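So the structure is just underneath, and the comments pick up after that.
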Amino acid sequence: MTYDDALACWIVDWGDQMGYQLRDGDWFDLHVGYGQVLTCQAVLGQDWYVQIGTHRACFYLKRNETYQVAI
């Protein structure tokens, strides 16, 4: 998943010419390394962030990073 400045959203690359534009409220699995996967919900406030877990912990996504996700 990478950020597209022109579209102002995150794009999940499926390996074809099309990508999935992540929308506010979408759920996905974020792979954080060492086999760990976090189920997250994408939220668009003043910037994109994810909410994780029952206590809805919030973490901002870095636009210059690429994330491995599964939808």
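Positions are given from 1 along the sequence. Predicted model, so just to flag it, every value in this text is computed and none were measured.
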Completion exercise
For Ile11, the other hydrophobic cluster members (4.5 Å side-chain criterion, sorted by chain and number) are Leu7

Exercise for the section: Could you tell me the separation between the OH atom of Tyr60 and the CD atom of Gln46, rounded to the nearest 0.5 Å? Expected result: 7.5 Å

Practice task
Work out which heavy atom in Arg23 is nearest to a heavy atom in Ala42; give both atom names and the distance.
Solution key: O-CB, 3.9 Å

Exercise for the section: Mark yes or no for whether Gln51, through its side chain, and Cys58, through its backbone, hold a donor-acceptor pair below 3.5 Å. Expected result: no

Exercise for the section: May I ask you to list the residues sharing a hydrophobic cluster with Met1, side-chain cutoff 4.5 Å, ordered by chain and number? Expected result: Tyr3, Trp10, Val12, Trp14, Tyr20, Leu22, Phe28, Leu30, Val32, Leu38, Leu44, Trp48, Val50, Ile52, Phe59, Leu61, Tyr67, Val69, Ile71

Exercise for the section: Drop me the distance from Asp4's CG to Arg63's CZ, to the nearest 0.5 angstrom. Expected result: 11.0 Å

Problem - Set of residues satisfying side-chain hydrogen bond (donor to acceptor under 3.5 Å, both in side chains) with respect to Thr2, sequence neighbours excluded - result: none

